[in-house]
2 protein chains.
Amino acid sequence: MSVGSAGERVTIYDVADAAKVSAATASKALNGSGRMTAETRDRIKRIALELGFRPNSLARSLTRKRSFTVGLLTNDTYGRFTLPVMAGISEGLIDHGVSVFLCTVEDNPELARIHVDAMLDKQIDGIIATGKRIDKPLPVDLSELPVPVVYALNTGPQNGVTFVPDDRQGAREAVQHLLSQGRSRIAHVTGPREFGTVRERASACSQVLEHAPQARLLDTLFGSWSERWGHEAVAQLWSRAETPDGVFCGNDQIARGVIDALRERGVDVPRDVSVVGFDNWEIVAKETRPPLTTIDMNLKELGRQAGLALVRMVNREEVVRGVTKLPCSLIVRSS
Amino acid sequence: MSVGSAGERVTIYDVADAAKVSAATASKALNGSGRMTAETRDRIKRIALELGFRPNSLARSLTRKRSFTVGLLTNDTYGRFTLPVMAGISEGLIDHGVSVFLCTVEDNPELARIHVDAMLDKQIDGIIATGKRIDKPLPVDLSELPVPVVYALNTGPQNGVTFVPDDRQGAREAVQHLLSQGRSRIAHVTGPREFGTVRERASACSQVLEHAPQARLLDTLFGSWSERWGHEAVAQLWSRAETPDGVFCGNDQIARGVIDALRERGVDVPRDVSVVGFDNWEIVAKETRPPLTTIDMNLKELGRQAGLALVRMVNREEVVRGVTKLPCSLIVRSS
DNA sequence: ATGAAAGCGCTAACAG
DNA sequence: CTGTTAGCGCTTTCAT
């Protein structure tokens, strides 16, 4: 029971006094360190509890040189990707008693610098860098910081510790699902070619189809991350002699555009054409008609792992350096 | 220039030594407190800069009893509302050097308690409580905390400090826009009746129309916050003898459903019917066809004000108690 | 097994 | 104007 009521905060001296021991002993008792009779330890613990003692983290951090606080830096204002990652980090770290500073820095280097400095001053134990786009780094160099850095969904330096979704595997899952539905004429409608993820997914997609005897890739269309582009792509694809019976889309918004366009054309999904999206952005995927089958990047798990890796680094334990790719999952709905 | 490179951190003693003054003097010089010749002050400042001195916030907070850190507690997992609010808070407070702990607590009272306690232990200066739904409080009682609390988008106790969007004013703007487009047969399609915001908006809507001589409210339909419900509502409305020529929707998703349904029925938006949404969720509003005219709740500004109010409370300055309603803005697009 | 003392880095009160 | 002293609340040797 943590009592937040009036009056002064109870310190370890209050506990020590009440237990008729020294502050040092109280400290040891409460931290499980030192050596003493189980009896005194228990007594001190009990008294601390009765008094509602809660250690002042600041004071503790000052001596321990560990603040049990990490910073999450992101350039994803919208939070589409940041929030699940954040949730995962928080979930993974709360057991370790660590809290998370969230800083949205957009693409402003000065702002980023200010936030990083502020956090460093507050003695954060480490930083997790994340963003909306894997190949667009944050507007600040984190490689020379006095604290460890983990990159999530955002590539860091060569030898950094980085976690990203396995785009290739995700794309493979998507295409294989299409094949398992008996589809043989596949089209891939995706985002801008400049995005690393776009190229990865596209390449994995064509690779799978090269090895599928009964199916093939009609075309890969690059565009923008929008519904509008989904419509346009359908217009293009359906103006040709041979139309696809399976479409793998680079994200859920494109997929939604595709599905809407198909319906408007009288093409039935999933009877005539199967569609698979990417992202599992529920707000989009669940509202498409029919609900969208898509790939989930498991961002929360990614955040969890990133957080855990960071505390290991803080503890100077071993971590895998380089890029760790985490598996995506196929979410089957009705499309 | 903040150098984060190797080696020990430089402390105020290093600065004092280098300047051949005492630590106390150095402290005063750097904080602009105390009294001394402008010359020594400048010299000390310069030396601090040269040495790359950055004060340890932990140590400072320990004596000052102010951590320049606040906590943001939310139950909005998705971040639809939390992130803009967060951005506003952060923007408003970064100048004051305060950082923000973000905690997503969903509806889990234990988790909430753990997070609150962790933050209290870290000596946060205050808490901002926010959420996805105004009338659904967070799963933890914040009224007895030893630090000030501000509620944003989430009502607190009677005499608390609360900021919410002005739903009534927003709704009025929406309806008046419809009227200004020459619409006279208005329908309101909104979310579940249990939501306070839903009732406010609906009531303001009917109130405006009661006082509009040339127009009237055909009906107010309560449903869910989904596109699906927008479709259904259109089906209901268009099965009657008299159909609306203006629809005010409780949120953008409903509006999108309405617009899609109308298009499918061959009703032209905005020629035959004007539609106004609520939320200005750009990802939805910009992708409707045509792009959606809607109400923006100015959540970022709301966050900014909430943050600023919190620091005023921390500084024991005056703040307005009770609920402060912040104006919404009409965003005119093409619907 | 327990406690005294020193110190984390900084600030504030009071002298000089 | 500047320096000395005394903490903030906790942890950690090192004695006892």
Side-chain angles (χ1 to χ4, degrees), chain A residues 7-45 47-48 51-69 97 117-118 120-125 146, chain B residues 7-45 47-48 51-69 97 117-118 120-125 146:
Chain A
E8 302 307 304
R9 249 186 111 85
V10 5
T11 76
I12 201 167
Y13 288 103
D14 299 327
V15 175
D17 287 355
K20 304 209 186 296
V21 295
S22 73
T25 307
S27 172
K28 286 171 202 151
L30 298 173
N31 291 306
S33 56
R35 209 163 301 280
M36 69 187 65
T37 63
E39 192 215 335
T40 30
R41 194 183 291 278
D42 288 346
R43 185 167 51 87
I44 295 173
K45 277 186 174 168
I47 291 177
L51 262 42
F53 169 70
R54 308 226 88 217
N56 180 328
S57 286
L58 296 185
R60 172 181 278 178
S61 301
L62 197 56
T63 48
R64 293 230 257 214
K65 286 165 180 337
R66 273 285 252 108
S67 65
F68 292 90
T69 296
D117 284 345
L120 251 20
D121 292 348
K122 291 190 171 129
Q123 311 295 117
I124 48 162
D125 296 332
Chain B
E8 301 308 303
R9 248 186 114 84
V10 5
T11 77
I12 199 166
Y13 288 102
D14 299 327
V15 175
D17 287 354
K20 304 211 186 296
V21 293
S22 73
T25 307
S27 171
K28 286 173 203 151
L30 297 172
N31 291 307
S33 57
R35 210 163 299 282
M36 70 188 63
T37 64
E39 192 216 334
T40 29
R41 194 184 292 276
D42 288 345
R43 184 168 52 88
I44 294 173
K45 277 186 175 168
I47 291 178
L51 263 42
F53 169 69
R54 308 226 92 220
N56 179 327
S57 287
L58 260 32
R60 172 182 276 179
S61 301
L62 197 56
T63 49
R64 291 228 253 203
K65 289 168 178 331
R66 277 278 257 112
S67 64
F68 293 90
T69 296
D117 284 344
L120 252 19
D121 291 347
K122 290 187 172 131
Q123 310 298 114
I124 49 163
D125 295 332

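A, B, ... follow the sequence lines: proteins, then strands. Residue 1 opens every chain. Just so we're clear, the structure is a prediction, and the values are computed from it rather than from any experiment. Only this structure's heavy atoms are used, side chains among them; waters, hydrogens and symmetry mates stay out.
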**Nearest-nucleotide comparison on DNA chain C, the residue closer to the 5′ end among Lys20(A) and Thr25(B)** = Lys20(A)
**Prompt:** Earliest and latest nucleotide of DNA chain C, 5' to 3', sitting under 4.0 Å from a non-hydrogen atom of chain A?
**Reply:** dA1(C) to dG9(C)
**Request:** State whether Thr63(A) places a side-chain N or O below 4.0 Å from either non-bridging phosphate oxygen (OP1 or OP2) of dC10(D).
**Result:** no
**Whole-Å distance separating the CG atom of Leu62(A) from the C1' atom of dT11(D)** = 10 Å
**Asked** What bend angle does the helix from dA1(C)-dT16(D) to dG16(C)-dC1(D) show across its length, from five-pair end axes and to the nearest 10 degrees?
**Response** 50°
**Request:** Starting at atom CG of Asp121(B), determine the distance to atom C1' of dG9(D), rounded to an integer number of angstrom.
**Result:** 13 Å
**Item:** Test item: Arg9(A) and Lys65(B) side chains (from C-beta on) under 4.5 Å apart, heavy atoms
**Value:** no
**Asked** To the nearest angstrom, how far is Arg60(B) atom CZ from dG7(D) atom C1'?
**Response** 17 Å
**Prompt:** How do Tyr13(A) and Lys28(A) order along DNA chain C: which one's closest nucleotide is nearer the 5' end?
**Reply:** Lys28(A)
For residues 17-25 of chain B, dump all side-chain donor-acceptor pairs below 3.5 Å to protein atoms at least two apart in sequence or in another chain.
unit_1: Ser22(B); atom_1: OG; unit_2: Ala24(B); atom_2: N; d: 3.4
unit_1: Ser22(B); atom_1: OG; unit_2: Thr25(B); atom_2: N; d: 3.2
unit_1: Ser22(B); atom_1: OG; unit_2: Thr25(B); atom_2: OG1; d: 3.1

**Prompt:** With a 4.0 Å cut-off on heavy atoms, is Arg35(B) in touch with a base, just the backbone sugar-phosphate, or nothing at all?
**Reply:** base
**Request:** Report the distance from atom CZ of Arg64(A) to atom P of dG9(D), rounded to the nearest whole Å.
**Result:** 18 Å
**Request:** Identify whether any heavy atom of Thr11(B) sits under 4.0 Å from a base atom; if not, whether one sits that close to sugar-phosphate; answer base, sugar-phosphate or nothing.
**Result:** sugar-phosphate
**Prompt:** Roughly, in whole Å, what's the span from CG in Leu58(B) to P in dC10(D)?
**Reply:** 13 Å
**Request:** Using atom types as modelled and distance alone, determine if a side-chain donor or acceptor of Lys122(A) lies under 3.5 Å from a backbone N or O of Ser67(A).
**Result:** no
**Asked** Using a cut-off of 4.0 Å on non-hydrogen atoms, how would the nucleic acid contact of Thr40(B) be classed: base, sugar-phosphate, or nothing?
**Response** sugar-phosphate
**Message:** Without decimals, in angstroms, what is the distance between Arg66(A) CZ and dT12(D) P?
**Reply:** 12 Å
**Message:** Less than 4.0 angstrom between a side-chain N/O of Asn56(A) and OP1 or OP2 of dC8(D), yes or no?
**Reply:** no
**Item:** Side-chain (Asp14(A)) to main-chain (Thr11(A)) donor-acceptor, under 3.5 angstrom
**Value:** yes
